[in-house]
Amino acid sequence: MSSLSLHTVGTRTLLIDRSGVINAPFSLYLNERFDNPHTREAVAAGLRLFHRFLMAHRIDLPTRALDGDCLKSVECKWLAELAYRPLDNLEEMSDSMIRRLTTANRDASAMDLKGAVEPNTAAKRMNTVADFLHWYREALLEEAIRSASTRDQLRDRYAAVCSQIENRIGVTKQGHHHQIRSLPIDRYLDVIRELVLNPERAFCSDGGKPSATMMRDRAIALLAAEGLRPGAIGNLAIDDFRYRVGAETGHIVIKDNVAKRGTSVTTSVPMAKGVRSHQQNYNSNITVRLWPFTCLAIKEYIDVERANILGRRLTNRSKSFLFLAEHGGPIGDRTTLSAAISRLRNQLKAQGMLNVGEGDPYATGKHYEFSAYTLRHSAATLFYKTYSNKPEVLDLMRQRFGWTANSTSPGRYAKRAISEAAGVDMMEFHDALLKALSAKRAQRQKAENMGEVTR
């Protein structure tokens, strides 16, 4: 058995095999092509798959390159079969078992086998392999092979192989909803309404009581519903929140705050996408205008929960970050963010709010997929619906959501918005929601006053 594990050393990411040897080509590729540790971690999945395939089939790319060759067509087919397998399971298999799996003639498709990953996941792995091979030929083989004719032959052969790999697993209808991953606008607004009016129900503990971090988790979820990426949310400093009580709106500034932590960056540390990127020109330093109810939720968290956490300690360990863990320091792990969204998902599902509506062309199954990115992408759909009368709407979306200048993501969410007939007046929604929130607070205050009178 041969497998690779991911290790972070300073700012470098290394893929190391079980004997402790660094896989130089894969490690060089990760560090030259990507400078975000989270992206490297995601891309490494495709490299681990490719490594296991090469080892099992005794394929040595440098030796084949001397003959002007790469992979055979049938090997591209075998690799696609393997791409549907869970990686942990794959790396525990023997070489002979992998060879039997990939070369076997089966009636069932690999995607229909028990435990198979989603087609979209398999396609991402294959695309990683193709991109690595492009880089491998250009960065390592081009100068190493002296023969001009062999280089030309190799260039053609690698181009053909990469094309086969990329097209082996297409974007299927089954995987299409994973690309869009947004809720219908009316369902998305229902989720926001639940977050604002009933946070004690949206963030329940296992015992049915409001979570101790209810205010923090509600603010995090509402920022996700504003379109912020999870890494950006966990990376916010308190001074990045710009809001004056009584103002109609507020703003959040997204910038690089990682240095404030005073620790090395690992794949678990929340970090805004692209703030340190030298590979792609992400629109990562941006100012986002917030809805009034989001500002109120963040302000309540700062004044109550956050203040209580800091008040219980002799020293301020926050390092000026906005969202704190229960120990008083900044959130240091992305799982804290995902756990908050998971609690919300479970409650929404229990209330039937994630049930797929009839006739939705962008969803399959009984329930909508729900994550922080579902909220972000739903915000993008709503943004398009709100500003679709402007010819520059797609450019506005790239600026608002931090996509690269040539990103095709805005167009995908435009399709979801165009398919919905219902119009949305967000000012009316804002006003109605704030009135409902004010009425609920007044009712709660009245109940508390009555309790004091009774006592």
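Everything numeric here is computed off the predicted structure, so don't read it as measured data. When reading the values below, keep in mind they use all heavy atoms of this one structure, side chains included, and skip hydrogens, waters and symmetry mates.
Side-chain contact of T249 with H251: a donor-acceptor pair under 3.5 Å is absent, judged by distance alone. Between the side chains of W135 and E32, at least one donor-acceptor pair of N or O atoms lies under 3.5 Å. Inspection of the E369 and T374 side chains reveals no N or O donor paired with an N or O acceptor under 3.5 Å. Checking R40 against N31 by side-chain atom types alone, a donor-acceptor pair falls below 3.5 Å. When only modelled atom types and interatomic distance are considered, N23 and S27 share no side-chain donor-acceptor pair under 3.5 Å. Looking at N198 and K440, their side chains do bring a donor and an acceptor atom within 3.5 Å of each other.
Between Y188 and W291, the angle of the ring planes lies from 30° to 60°, which puts this pair in the tilted group.
E91 pairs in a side-chain hydrogen bond (donor to acceptor under 3.5 Å, both in side chains) with only one of the listed residues (R48, H51, R18, R52), which is R48. Among T13, L14, T39, the one residue that satisfies the side-chain contact (heavy atoms from CB on, under 4.5 Å) test with L30 is T13. Evaluated for a side-chain contact (heavy atoms from CB on, under 4.5 Å) with I331, the options L322, I220, I233 yield exactly one hit, I220.
Two residues are said to be in side-chain contact when any heavy atoms from C-beta on lie closer than 4.5 Å; F241 and I302 meet this criterion. Residues R218 and Y301 are not in side-chain contact: their nearest non-hydrogen atoms beyond the backbone lie 4.5 Å or more apart. Side chains of L324 and L310 form a contact here, defined as non-hydrogen atoms less than 4.5 Å apart. Side-chain contact check for E305 versus E300: every heavy-atom pair is 4.5 Å or farther apart. For the pair K260 and S320, the minimum side-chain heavy-atom distance is below 4.5 Å. In this structure, R99 and H57 have side chains that are in contact, with non-hydrogen atoms separated by less than 4.5 Å. Put simply, the side chain of P292 reaches to within 4.5 Å of the side chain of L434, judged on heavy atoms. Put simply, the side chain of R85 does not reach to within 4.5 Å of the side chain of L49, judged on heavy atoms.
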Assess whether side chain to side chain donor-acceptor pair (under 3.5 Å) is satisfied between T294 and E226, documenting all intermediate values. CA-CA 8 Å; T294 302; E226 294 272 8; 2.8 Å; yes
Candidate pair E75 and F53, rule side chain to side chain contact (heavy atoms under 4.5 Å, CB included), full reasoning: CA-CA 9 Å; E75 290 169 343; F53 176 80; 4.1 Å; yes
If you apply the rule side chain to side chain contact (heavy atoms under 4.5 Å, CB included), what do you find for V196 with L222, and how did you get there? CA-CA 8 Å; V196 173; L222 283 171; 4.2 Å; yes
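Using a 4.0 Å cut-off between charged side-chain N and carboxylate O, D303 and K299 make a salt bridge.
To the nearest 0.5 angstrom, I254 atom CD1 is 4.0 Å from L228 atom CG. Between atom NZ of residue K209 and atom SG of residue C204 there is a gap of 11.5 Å, rounded to the nearest 0.5 Å. Once rounded to the nearest 0.5 Å, the distance linking CG of L223 with CG of L236 reads 6.5 Å.
Between P119 and Y84 the shortest heavy-atom distance is CA-CE2, 3.9 Å. Residue A80 comes nearest to R168 through the heavy atom pair CB-CB, 3.8 Å, listed as atom of the first residue, atom of the second, then distance. The minimum heavy-atom distance between S318 and P330, with the atom names listed, is O-CD, 3.7 Å.
Taking the ring centroids of Y136 and Y29, they lie at or beyond the 6.0 Å cut-off. The six-membered or imidazole ring of H134 lies away from that of Y158, with a centre-to-centre distance of 6.0 Å or more.
A cation-pi arrangement is present between R376 and W403 under the rule of less than 6.0 angstrom and at most 45 degrees off the ring axis. For the pair R193 and F293, the cation-pi criterion (under 6.0 Å, within 45° of the ring axis) is not fulfilled.
By the 6.0 Å contact criterion, NZ on K319 is enclosed, its count of non-hydrogen atoms from other residues, nucleotides or ligands being greater than 12. Annotation: Q443, atom CD; neighbour count of heavy atoms from other residues, nucleotides and ligands within 6.0 Å does not exceed 12.
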